[in-house]
Trainee: 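Pasting in a structure now, in structure tokens, and then I'll have a few things to ask.
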Amino acid sequence: MNDTADLVARALALHDRNFNCAQCVVCALAPRLGVDEDICFRASEGLGRGIGGMSETCGAVSGGAMAIGLATSNGAADPTSKELTYRYACRLVEAFRAKNGSTICADLKGERTGTPLRSCIGCIEDGVALAAGLLDGLRAHAR
């Protein structure tokens, strides 16, 4: 399952199963990354509703950053990959913010203004698509 539309559809199906936004993004990308979906689900559970329900960083952004880390990290035995991971996570955040006006869950939902910038469904779609695009770029760069 490498097509972005298929990944988005998978993420939205996970949302229908009550996965939070972070879980939807990282779990939809798990097969592409070759990682266990249940571990992704568990690790991202606290990131929902803007990290623990605090309306901070959007879970879709957090889930995308997790996916990038899973793809770029060398692991604990060789902790030298941070710069690459940070560079790609930064690109994700910047692209998401440019598209939606914020990366803050409360702002996206319009909790302070009464005017939502983007729905959770839209954020999930964007998180998956943007992260998948960056992951594709990583693969192309590695060749």
Side-chain angles (χ1 to χ4, degrees), residues 1-76 79 81-143:
M1 178 181 295
N2 288 333
D3 180 60
T4 301
D6 290 339
L7 292 169
V8 169
R10 177 165 159 57
L12 296 180
L14 296 174
H15 187 263
D16 289 343
R17 291 179 43 207
N18 206 32
F19 284 40
N20 70 36
C21 295
Q23 291 168 324
C24 289
V25 172
V26 72
C27 290
L29 292 166
R32 177 185 271 200
L33 299 167
V35 296
D36 183 77
E37 183 178 318
D38 189 61
I39 290 172
C40 290
F41 179 91
R42 292 167 185 252
S44 60
E45 190 160 275
L47 301 175
R49 285 195 280 152
I51 304 178
M54 298 297 295
S55 292
E56 295 294 333
T57 301
C58 171
V61 175
S62 298
M66 284 185 70
I68 288 168
L70 288 165
T72 58
S73 179
N74 293 336
S81 53
K82 286 190 257 337
E83 288 304 316
L84 177 64
T85 304
Y86 293 172
R87 186 168 50 249
Y88 275 81
C90 182
R91 289 177 186 171
L92 173 72
V93 170
E94 289 172 344
F96 189 94
R97 185 181 296 125
K99 182 172 177 69
N100 296 304
S102 182
T103 59
I104 304 300
C105 181
D107 295 342
L108 293 161
K109 289 181 173 184
E111 290 176 0
R112 297 180 253 249
T113 64
T115 305
L117 298 174
R118 191 82 164 127
S119 68
C120 291
I121 296 292
C123 289
I124 292 166
E125 292 169 347
D126 295 343
V128 170
L130 292 169
L134 288 164
L135 293 171
D136 289 344
L138 271 169
R139 279 198 207 128
H141 178 72
R143 290 180 191 167

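The structure presented is a predicted model; accordingly, all values stated were derived computationally and were not measured.
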Trainee: Going by the salt bridge (Lys or Arg N to Asp or Glu O under 4.0 Å) test, name the single residue among Asp136, Asp3, Asp6 that passes it with Arg32.
Mentor: Asp136
Trainee: Looking at residues at least two apart in the chain, or sitting in another chain, which of them share a side-chain contact (heavy atoms from CB on, under 4.5 Å) with Ala106?
Mentor: Ser55, Ile104, Glu111, Arg112
Trainee: Could you pull out the closest heavy-atom pair between Cys58 and Leu108, with the gap in Å?
Mentor: CB-CD1, 3.6 Å
Trainee: Please tell me if the side chains of Cys120 and Lys109 come closer than 4.5 Å, counting only heavy atoms from C-beta onward.
Mentor: yes
Trainee: Test of understanding: with side-chain hydrogen bond (donor to acceptor under 3.5 Å, both in side chains), list the residues that count as partners of Asn74, not counting sequence neighbours.
Mentor: Asp78, Thr80
Trainee: How about Cys21 and Cys123: do any of their side-chain heavy atoms sit closer than 4.5 Å?
Mentor: no
Trainee: With Arg91, which residues qualify under salt bridge (charged side-chain N to carboxylate O under 4.0 Å, His left out), at least two apart?
Mentor: none
Trainee: Within a strict 4.5 Å, meaning less than it, do heavy atoms of the Leu33 and Leu135 side chains meet?
Mentor: yes
Trainee: Closest heavy-atom contact between Ala131 and Leu92?
Mentor: N-CD1, 3.9 Å
Trainee: Show the numbers, then the answer: is there a side-chain contact (heavy atoms from CB on, under 4.5 Å) between Leu12 and Val128?
Mentor: CA-CA 10 Å; Leu12 296 180; Val128 170; over 6 Å; no
Trainee: Where is the tightest heavy-atom contact between Leu29 and Ala132, given as atom of each residue plus distance?
Mentor: CD2-CB, 4.2 Å
Trainee: Got a sec, which pairs hit salt bridge (charged side-chain N to carboxylate O under 4.0 Å, His left out) with one end in residues 39-54, sequence neighbours left out?
Mentor: Asp38-Arg42
Trainee: Tell me every residue that passes side-chain contact (heavy atoms from CB on, under 4.5 Å) with Glu37, counting only those two or more places apart in sequence or in another chain.
Mentor: Arg10, Leu14, Phe19, Cys27, Ala30
Trainee: Applying side-chain hydrogen bond (donor to acceptor under 3.5 Å, both in side chains) as the test, list every pair that has at least one member in residues 114-124; sequence neighbours left out.
Mentor: Asn100-Arg118, Arg118-Asp126
Trainee: Using every non-hydrogen atom in the two residues, find where Ala11 and Ile124 come nearest and quote the distance to one decimal.
Mentor: CB-CG2, 3.7 Å
Trainee: I need the minimum non-hydrogen distance between Val26 and Ser44, along with the two atoms involved.
Mentor: CG1-OG, 3.6 Å
Trainee: Minimum heavy-atom separation for Gly69 and Thr85, please, with both atom names.
Mentor: CA-CG2, 3.8 Å
Trainee: Going by side-chain contact (heavy atoms from CB on, under 4.5 Å), name the residues that satisfy it together with Val93, two or more places apart in sequence or in a different chain.
Mentor: Val61, Arg97, Thr103
Trainee: Could you pull out all residues at least two apart from Ala43 that satisfy side-chain contact (heavy atoms from CB on, under 4.5 Å)?
Mentor: Met66
Trainee: Who are the side-chain hydrogen bond (donor to acceptor under 3.5 Å, both in side chains) partners of Thr57, not counting sequence neighbours?
Mentor: none
Trainee: With sequence neighbours excluded, what pairs up with Ser102 under the side-chain hydrogen bond (donor to acceptor under 3.5 Å, both in side chains) test?
Mentor: Asp107
Trainee: Find the distance between OG1 (Thr4) and CD (Glu125) and round it off to the nearest 0.5 Å.
Mentor: 12.0 Å
